[in-house]
Each structure stands twice: as C-alpha cells, then as structure tokens.
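Notes follow the structure.
Computation of the quantities below employed the complete heavy-atom set of this structure, encompassing side-chain atoms and omitting hydrogens, waters and symmetry-equivalent molecules.
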Amino acid sequence: MPKPRPAPVEHKVNYGFEEGVRQMRLLVLVGVILTGHFLWWFADSDHIGYPLLFWLLTVSLGFKLLRMLHEWYHYVQVSKPVLPAGMSRQYTVDVLTTACPGEPLDMIERTLRAMRAIRYPHTSYLCDEGNDPYLRDLCQDLGIVHVTRTKKINAKAGNINNALRQAKGELCVVLDPDHEPTPDFLDKVVAYFADPTVGYVQVVQAYGNQQESLIARGAAEQTYHFYGPLMMGMNAYNTAQAIGANCTFRRAALDSIGGHAAGLTEDMHTAMRLHAQGWKSVYAPVIVSRGLVPASLAAYYAQQLKWARGSFELLFRVYPTLFSRFTWRQRLHYLTLPLYFFSGVVALIDLLVPILALSLAEFPWHLSLPQFVLHMTPIVAISMLIRYNAQRWLREPHEAGLHLTGGFLRIGTWWIYCLGLIYTLLRIRVPYIPTPKDGHAGNEWLLSLPNLLMAVVCVAAARYGHYLMQTPYALLMMALAMSNAAILGVSVLMAQHNLLKGMMRFANTFSPVRWLVTKSEQLLTGQNNELFPRLRTAAVYFAFFLFTAHTFISLGVNFWLDRTAPSPDLIWTRTGVGKVRMGYAATSSATMWLASTSLPSRTGADVASPIKEIRLTPALGPQISAEALKKADAQGSIPLLSWEVKNGSFNDAAWKQSVAVIRDHNQPVMLRPLIKARNPAAYRRTWQRLVTRFRASGDTSAVWVWTPPAPDSVAAYFPGATYLDWVAADCMTSGPDAATKSLRKYRSLRLQLAQRAELNSMPVLLLTPLKPGQTVQAQSRRLTSMYPEIKGLLFGSLPSNDKSTALNLSASVPPDKE
C-alpha cells in the first residue's frame with residue numbers, strides 16, 4: 001500500500017500558534033499545580049468512607065479531572081495551519097454527497113445546487129441509496145453524476161466507496177446531504193495538498209438551525225469547543241479528526257487503506273487508518289459550509305447512540321490492532337476520544353451516589369467539608385477561567401457563553417451512552433440510520449421517561465434521607481440529589497417543544513418575565529456583558545491571585561489544624577474513623593485490673609491505642625477512681641467502662657462523684673452501661689435519663705456504647721441515635737466452635753441493625769472469642785474485611801493452657817505483667 005512521501009520544505013504545511021496561547025500556558029500551569037495539590041491532599045486512606053460509594057465517587061471525580069486535563073492539553077497548542085510557500089498546482093476534484101430514502105428531498109436539492117456553485121473546477125456526485133427518480137432527473141438537469149448501487153453493504157462508507165470506483169479525481173470531498181458548501185469551499189482547502197504528506201483536510205462543521213429548538217441549541221453548543229480550540233490543538237499533534245461532513249481527502253491516501261473504512265463512526269475509523277498509515281491531517285478552522293443539527297430528542301438520541309456504539313467498537317476492536325503504528329500522541333488521542341461517551345456511566349454514578357448514600361445512611365468520604373471546599377474551589381475557579389479564555393478561539397461570536405443547554409442535554413443522555421457501552425460489550429448490532437433532519441416533534445414524553453423516573457427517585461431519596469437524619473453530610477447528599485433532580489427535570493422539559501412554546505407565549509404576556517428571559521439569555525451567551533472581556537484580559541493576574549490566596553489560606557489552615565487538631569484517639573472514639581482498635585474483654589466484675597490479659601502502651605504514633613475494658617461494680621453511674629483512669633492513660637489505652645446499672649438517685653454523692661471523675665479527666669472514655677428493665681419502654685427511659693443527666697453535668701468526653709439487650713428485638717430497645725455513639729455486639733460464646741457460633745450470632749444481630757438506618761451508619765465494637773491457633777492480627781483482618789462496620793474488637797480471655805496462641809499474640813498484645 002502506498003505511503004506518504006516526504007514533503008519538500010517549500011511545500012510543507014506549518015502551523016502558527018494563535019494569539020493568547022502563551023497566556024493560556026500560564027493559566028494551565030497554575031491549574032495543574034492546584035489539581036496536583038488537591039490530589040495529594042485527597043489521596044489519604046483516612047478519607048475512605050463506605051467503600052462502594054467511595055470508589056464510585058472517586059471514579060467520577062477522576063474521570064472529570066482527566067477530561068479537564070485532556071482539554072488543557074489541547075489548549076496549550078492551539079494553532080492554525082500556514083499555507084505552503086510553494087505555488088499550488090491545479091487538482092482534479094470530486095465532490096460527493098449521499099442520499100438515503102426518507103431524507104427530505106428539498107434539503108438534498110439545496111445541497112446539490114450549492115455543490116454545483118463551488119467555483120473551483122470539480123465533478124459533483126450524488127450517491128443515492130434509494131435510486132430516487134426525482135433525484136435522478138434533478139442530477140441530470142444540474143450536470144451532477146448520479147450513482148446508485150444494488151449491493152448495499154457497509155452503509156455510508158460502502159455508498160461512498162461505490163461512487164469512488166467511478167470517480168478518478170486526485171482529491172475527493174465528502175459532504176453530508178444537509179451541509180450546503182459555500183462557493184469558495186475548495187479555495188480554502190486545496191492549497192494544503194501541496195504537501196504530499198497531507199492525507200485529508202477537515203474544516204469547521206457549523207450549523208444554521210441552532211434556534212429551531214432547545215435540543216438543537218444544546219446539540220450545537222456541545223460542538224463549539226470541539227470545532228474551536230480542541231480541533232485547533234489537534235493540529236500540533238497530527239491528530240486532527242476527520243468528520244463525516246466537509247472533509248477533503250487525497251485519493252491516494254484513501255486508496256492506501258482500501259477506501260473509506262466501514263462502521264457506525266466511519267469518519268473516525270477512516271482517520272485512524274490514515275494516521276496509522278502515516279498520513280498527515282490538517283484542520284483548517286474556516287466556515288465554508290453550514291448544516292443541520294438534530295432538532296428533536298429522537299433525532300439527537302439516535303445520533304448519539306450510533307456514535308457511542310461505533311466509538312466503543314473502535315476502542316475495543318480496532319484501536320488495539322493499530323496501536324503499534326500510531327505515534328504516542330495518536331495513541332493517547334484515540335484512547336481518550338471514545339471515552340467522551342463514558343460520561344454516561346459517570347453521570348449515572350453521580351445520580352446514584354446520593355441516592356445510595358441516603359438510602360443506606362452511608363457516606364462515600366470521611367472528609368472535612370470545609371477542607372474539601374478549600375481544596376476544590378480553586379480548581380473549579382481556574383477551570384472555569386481557562387475554559388472561558390479558550391472561548392477566544394471559538395469560530396463565531398454567537399458561540400460564546402456558559403453553554404448550560406448543552407450541559408443539561410448531555411447529562412440527560414446518560415442512559416443512551418450507557419446503552420451504547422452495553423451494546424458494544426454484548427455485541428448487539430445498531431443499524432446505521434442517517435440522523436433524522438425533518439424538524440422536531442411535538443412533545444417527546446416517552447423518550448424523556450428514564451430521566452423523569454430518575455428525577456423522581458432522586459427526590460424520594462432526598463425526602464427519605466431528611467426523615468432519617470440531618471447531619472451535614474446527609475444535608476449535602478440531599479442537596480446533590482435535589483440538584484440532580486432539577487437538572488434531569490430541565491432536560492425533560494427541553495424535549496417538550498409544544499409545551500415550551502405555550503409557556504413562552506404565556507410568559508411574554510408579562511413584561512417583567514420577558515425582561516428576565518432576555519437578561520438570562522444575554523448572561524448565558526455572554527452578550528452585552530463587560531465582565532467577561534475584562535476577566536479574559538486580567539486572567540493571568542486573577543489566576544496568580546487565586547494561587548497565592550489558596551497557598552496562604554492552606555498553610556494557615558494547616559498550621560491552625562496542627563495546633564488544634566484532635567488526637568487520633570478522640571477521632572476514633574467519636575466516629576470510628578482511623579485504625580481498628582483491639583483489646584481483651586475483662587472477665588472479672590469484682591476488680592478493675594485483674595482481667596486475665598491487658599494491652600501494651602503505645603510506642604509510636606503509628607501504633608493504634610488499644611482498648612482497655614474495665615468491669616466496674618454495679619451502680620447507677622460508673623464507679624471508678626481518677627487514679628485508675630490516669631493509669632489507663634499511662635498505659636496508652638482507651639478505657640471502656642462496663643457496669644451493670646442499678647437503681648439510685650441522680651442527687652446522690654456517688655452519682656455526682658462518678659460524673660465528676662469522668663468530666664475532670666477530660667480524655668476519651670467509652671461508657672458501656674448494661675441495663676436490666678421490665679420492658680423495652682422502661683429500658684429506653686433509663687438509658688435516655690442516664691445519658692441526659694451525664695451530659696447536663698457539662699461532660700463532653702464520654703462516648704456512649706450501646707449493647708442491645710435482646711439481639712432479636714433491637715428496634716424495640718433502641719434508645720435513639722442522639723443517645724449513643726457506638727453499638728457493641730456482645731457475641732461471646734464458649735465451646736470448641738465458639739468462634740463460628742460467635743459469627744453466626746453477629747450475623748443475626750447485623751440483620752437487625754440493618755433495619756435501622758441510624759444504626760447502619762454507626763461504628764460497631766465486636767466482643768468475640770479468640771479462634772484457637774489464629775493470631776489477633778489475622779482474626780482482626782478477616783473480621784473487618786468481612787464486616788467493614790466493625791471498628792473495634794474485644795477478644796475473649798486467653799486460655800491459660802494455650803501456649804501457642806500466647807506466643808502468636810505477643811507481638812502486638814502481650815499478656816498483662818501485673
């Protein structure tokens with residue numbers, strides 16, 4: 001197969017950077033530094049919340065950051081091709097367009113007449129799949145070659161290749177039947193072919209029906225950046241993409257790969273094979289044609305499903321076979337380009353995470369919300385600044401603005417993109433159907449049903465979450481769920497064309513509403529707004545101010561946190577966040593320190609403080625001395641005080657003394673009262689009074705650990721989420737298979753806990769016997785991997801005759817020497 005031959009210097013196509021590239025590089029440098037700082041802060045295992053939600057949301061965040069960096073990668077190399085210095089000779093040119101049954105004949109006729117009006121000498125062809133008599137006669141009148149075929153294979157690519165068997169021009173132009181070229185079309189592209197290495201030249205794909213509907217406007221907005229700075233950036237990497245319309249090919253280049261490559265995305269497939277063959281691509285950012293963008297949701301979804309299915313097919317099937325023949329930049333390009341359609345999966349993740357978090361009462365990240373805002377806000381600000389500055393390279397003035405319509409439409413297409421991926425993985429065939437171009441329908445409720453149902457689920461999850469809890473994390477998830485519902489609602493409304501027309505007619509009868517609509521339109525498009533041009537002029541100054549401010553604020557916050565940050569022991573006792581703590585369950589109720597085993601003091605910051613259970617005598621409050629608590633502190637242990645609650649008066653000196661000791665100690669102390677009551681109502685009242693009176697004394701250090709007295713009726717005895725911090729699962733058993741019976745007991749209790757969302761989100765302290773022959777570390781790893789809610793473990797006493805187990809334990813939890 002022929003390959004491109006080297007170009008003489010005077011014929012070589014060169015590129016010149018656009019004005020503003022140097023400024024853009026400074027902005028991107030600041031953006032990369034801020035992004036790196038965020039990732040460095042975020043990549044901390046302590047931030048991991050509920051594992052499933054954490055990894056889902058991390059995938060979403062990572063995809064968005066990579067996509068943002070990929071855009072910046074193009075922005076720093078935005079360039080225009082420079083015509084070769086050598087004189088360009090005359091080329092023979094074929095201009096082809098296609099026609100399929102069902103496409104509007106008047107549209108095809110306009111395109112044929114525009115093709116005929118191109119000034120540069122050429123031969124026009126109509127590749128007519130339907131062999132329509134009207135089009136046959138029209139071509140005869142206009143002097144256009146009419147071509148049809150009987151063996152219809154490979155869809156559009158096969159149709160064009162069939163015509164190319166008759167066409168003999170050195171260059172061939174492929175036009176979509178809805179794109180009308182201007183008379184100077186070929187004058188703008190032919191000169192680039194003086195460089196013999198140029199395989200094709202692509203020009204801008206512009207549209208003339210953006211105002212036909214909100215769907216048309218949104219679909220057009222999605223292309224503005226692609227045909228502006230992104231495609232202009234591809235010039236520098238020899239990755240300019242061939243589009244199905246307005247592309248001029250060198251015939252020798254097409255012949256070198258056997259003609260147009262087949263597929264649902266035949267343009268991308270053809271470009272891949274031409275690049276693999278060594279041909280150069282050129283993107284000329286000139287508008288010499290205008291076409292039609294899908295104006296109905298049905299047309300838009302049909303187009304996006306075809307593109308998603310075709311792009312994933314190329315990524316999974318074709319890309320690996322051509323990988324070794326690409327340059328490294330082309331490898332990156334053809335890996336990332338199809339991943340645009342993976343945004344459907346990411347959008348689905350963004351929709352599901354708040355729903356799952358509120359339904360399960362679990363949260364993906366254990367992050368300080370102010371810290372997250374501190375680190376994320378600069379990235380959002382710099383990315384918006386960079387994207388706005390990139391709008392200087394958009395092709396037409398009306399393309400500027402926030403492009404919210406395109407964003408709403410893209411999010412609402414999540415399920416179509418997911419279908420494209422599923423169809424690819426399951427090898428489900430999607431027929432090649434030209435995008436409908438016959439205007440928009442009335443109201444498209446049926447196609448909007450998935451988004452409507454998802455919006456309802458988001459609202460229901462927010463309402464359910466509000467019923468369960470109102471913590472800051474829960475409120476954040478509720479806000480995200482409601483925001484998602486609003487976005488989906490807007491995407492649904494965009495497709496109800498008749499409804500929108502009626503709403504606009506009604507709104508226009510009120511002057512204030514008409515004024516508000518006009519101002520909103522101006523804001524969204526950037527028209528009559530002096531702020532945007534000024535922001536672009538001062539972009540570098542603003543970026544460095546943002547960077548400097550973020551640096552000083554971060555340093556100040558870190559310095560303050562280092563001085564005021566709570567200890568890991570305090571964080572763990574309050575939330576369960578951090579390393580799993582272990583200890584031995586005390587066995588004596590008569591003495592505090594004669595348990596069969598105890599735990600060592602911490603020897604370094606990387607060793608988690610162990611739990612020291614202390615069994616106290618029955619009383620109303622925990623009867624312990626200040627010296628005993630100090631001794632636990634000296635050993636580096638977190639005391640867990642367990643006692644049976646007896647009747648007494650809250651005015652007695654014994655009660656006041658027990659409260660005073662805990663309060664004055666002012667260090668984390670876990671309290672596990674064991675209450676016996678006549679019925680669940682009496683139990684709940686006793687627990688609530690105990691906690692309320694303790695807190696009323698001014699104590700803030702006590703952490704309340706609730707042990708369900710009846711594992712088969714947890715809900716009946718549950719005193720309320722505000723009255724406890726931990727749940728203790730007492731699964732101590734005896735016998736030769738004690739460890740197995742203990743797990744069965746915990747699984748039964750776990751099902752009871754799962755029925756209460758408030759309990760689902762609380763850390764669990766498990767009391768369980770040691771498994772003979774297994775180390776504490778191994779048993780801890782096994783239990784916490786099976787049940788991630790377990791944040792603390794108390795093991796049964798070590799049998800005095802089990803010497804092997806004692807040796808295994810000595811590395812981390814040796815027997816008490818006292």
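Of all heavy-atom pairs spanning Ile611 and Gly792, the tightest one is CD1-CA, 4.3 Å. The two residues Ile349 and Ser60 come nearest to each other via the heavy atoms CG2-CB, 4.0 Å. The heavy-atom pair separating Asn651 from Lys656 by the smallest distance is O-CE, 3.5 Å. Contact detail for Lys612 and Ser637: the closest heavy-atom pair is CB-CB, 3.6 Å. In this structure, Met454 and Leu351 approach most closely via the heavy-atom pair CG-CD1, 3.9 Å. The two residues Ile662 and Ser701 come nearest to each other via the heavy atoms O-OG, 3.4 Å.
Within the 4.5 Å cutoff, the side chain of Leu770 has heavy atoms near those of the Val776 side chain. You'll find the side chain of Met68 reaches within 4.5 Å of the side chain of Ile379, heavy atoms only. Side-chain contact between Phe63 and Ser343: present, with at least one pair of heavy atoms (C-beta onward) separated by less than 4.5 Å. Side-chain contact check for Trp706 versus Asp725: every heavy-atom pair is 4.5 Å or farther apart. Between Asp633 and Gln667, some side-chain heavy-atom pair lies under the 4.5 Å cut-off. For the pair Ser625/Lys631, no side-chain contact is recorded, criterion being any heavy-atom separation below 4.5 Å from C-beta on. Side-chain contact check for Ile675 versus Pro709: every heavy-atom pair is 4.5 Å or farther apart. Between Thr722 and Gln688, every side-chain heavy-atom pair lies at or beyond the 4.5 Å cut-off.
Note on ring orientation: taking the six-membered ring where Trp is involved, the planes of Phe42 and Phe54 are parallel (angle under 30°, cut-offs 30° and 60°). Below 30°, between 30° and 60°, or above 60°: for Phe372 and Trp41 the angle between ring planes is between 30° and 60°, a tilted geometry.
Among the candidates Val764, Thr575, Thr707, Val703, the single residue satisfying the side chain to side chain contact (heavy atoms under 4.5 Å, CB included) test with Trp726 is Val703. Checking each of Arg782, Arg750, Arg747 against Tyr787 for a side-chain hydrogen bond (donor to acceptor under 3.5 Å, both in side chains) leaves exactly one that passes, namely Arg747.
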Practice task
Mind running ring-ring contact (aromatic ring centres under 6.0 Å, His included) on Tyr717 and Trp687 for me, showing each step along the way?
Solution key: CA-CA 10 Å; Tyr717 286 89; Trp687 181 282; over 10 Å; no
Exercise for the section: Could you check Leu793 against Leu783 for side-chain contact (heavy atoms from CB on, under 4.5 Å), going step by step and ending with a plain yes or no? Expected result: CA-CA 9 Å; Leu793 286 159; Leu783 289 171; 3.7 Å; yes
Practice task
Applying side-chain contact (heavy atoms from CB on, under 4.5 Å), run through Leu794 and Leu765 and close with a yes or a no.
Solution key: CA-CA 7 Å; Leu794 283 180; Leu765 174 67; 4.2 Å; yes
Exercise for the section: Begin from the C-alpha positions of Thr686 and Leu690 and carry the test side-chain contact (heavy atoms from CB on, under 4.5 Å) through to its verdict. Expected result: CA-CA 6 Å; Thr686 303; Leu690 192 67; 5.6 Å; no
Exercise for the section: Walk me through it: do Arg615 and Trp643 pass the test side-chain contact (heavy atoms from CB on, under 4.5 Å)? Expected result: CA-CA 6 Å; Arg615 290 290 180 92; Trp643 79 99; over 6 Å; no
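The 12-atom threshold is not exceeded at CE of Met384, counting heavy atoms of other residues, nucleotides or ligands nearer than 6.0 Å. Dense packing is recorded around CG of Asn679, with more than 12 heavy atoms of other residues, nucleotides or ligands lying under 6.0 Å away.
Checking side-chain atoms of Asp737 against main-chain N and O of Thr740 turns up no donor-acceptor pair under 3.5 Å. Side-chain N or O atoms of Trp572 include one that pairs as donor or acceptor with a backbone N or O of Lys791 at under 3.5 Å. Listed for the Arg581 side chain is no donor-acceptor partner under 3.5 Å among the backbone atoms of Pro610. In this structure, Ser359 contributes its side chain and Leu356 its backbone to no donor-acceptor pair below 3.5 Å. One N or O on the side chain of Ser383 and one on the backbone of Val380 form a donor-acceptor pair closer than 3.5 Å. For Asn451 (side chain) and Gly412 (main-chain N/O), a donor-acceptor pair under 3.5 Å exists by modelled atom type. Under the 3.5 Å distance criterion, the side-chain polar atoms of Gln779 are matched with a main-chain donor or acceptor of Lys771.
The OG1 atom of Thr573 lies 11.5 Å from the CG atom of Leu640; values are rounded to the nearest 0.5 Å. Note: Leu616 CG to Ile624 CD1 = 5.5 Å, rounded to the nearest 0.5 Å. In this structure, CZ in Arg689 is found 12.0 Å from OH in Tyr723, a value given to the nearest 0.5 Å. Here the straight-line distance linking atom OG of Ser491 with atom CG of Leu452 works out to 9.0 Å at 0.5 Å rounding. Here the straight-line distance linking atom OG1 of Thr784 with atom CE of Met582 works out to 9.0 Å at 0.5 Å rounding. To the nearest 0.5 Å, the span separating NZ on Lys745 from CG on Leu743 amounts to 12.0 Å.
For residues 654-673, the pairs satisfying ring pair (Phe, Tyr, Trp, His ring centres under 6.0 Å) are Phe650-Trp655, Trp655-Phe694, with sequence neighbours left out.
With hydrogens and angles left out, the side-chain atoms of Thr733 and Ser742 include no donor and acceptor closer than 3.5 Å. Side-chain polar atoms of Asp350 and Trp414 form no donor-acceptor pair below 3.5 angstrom.
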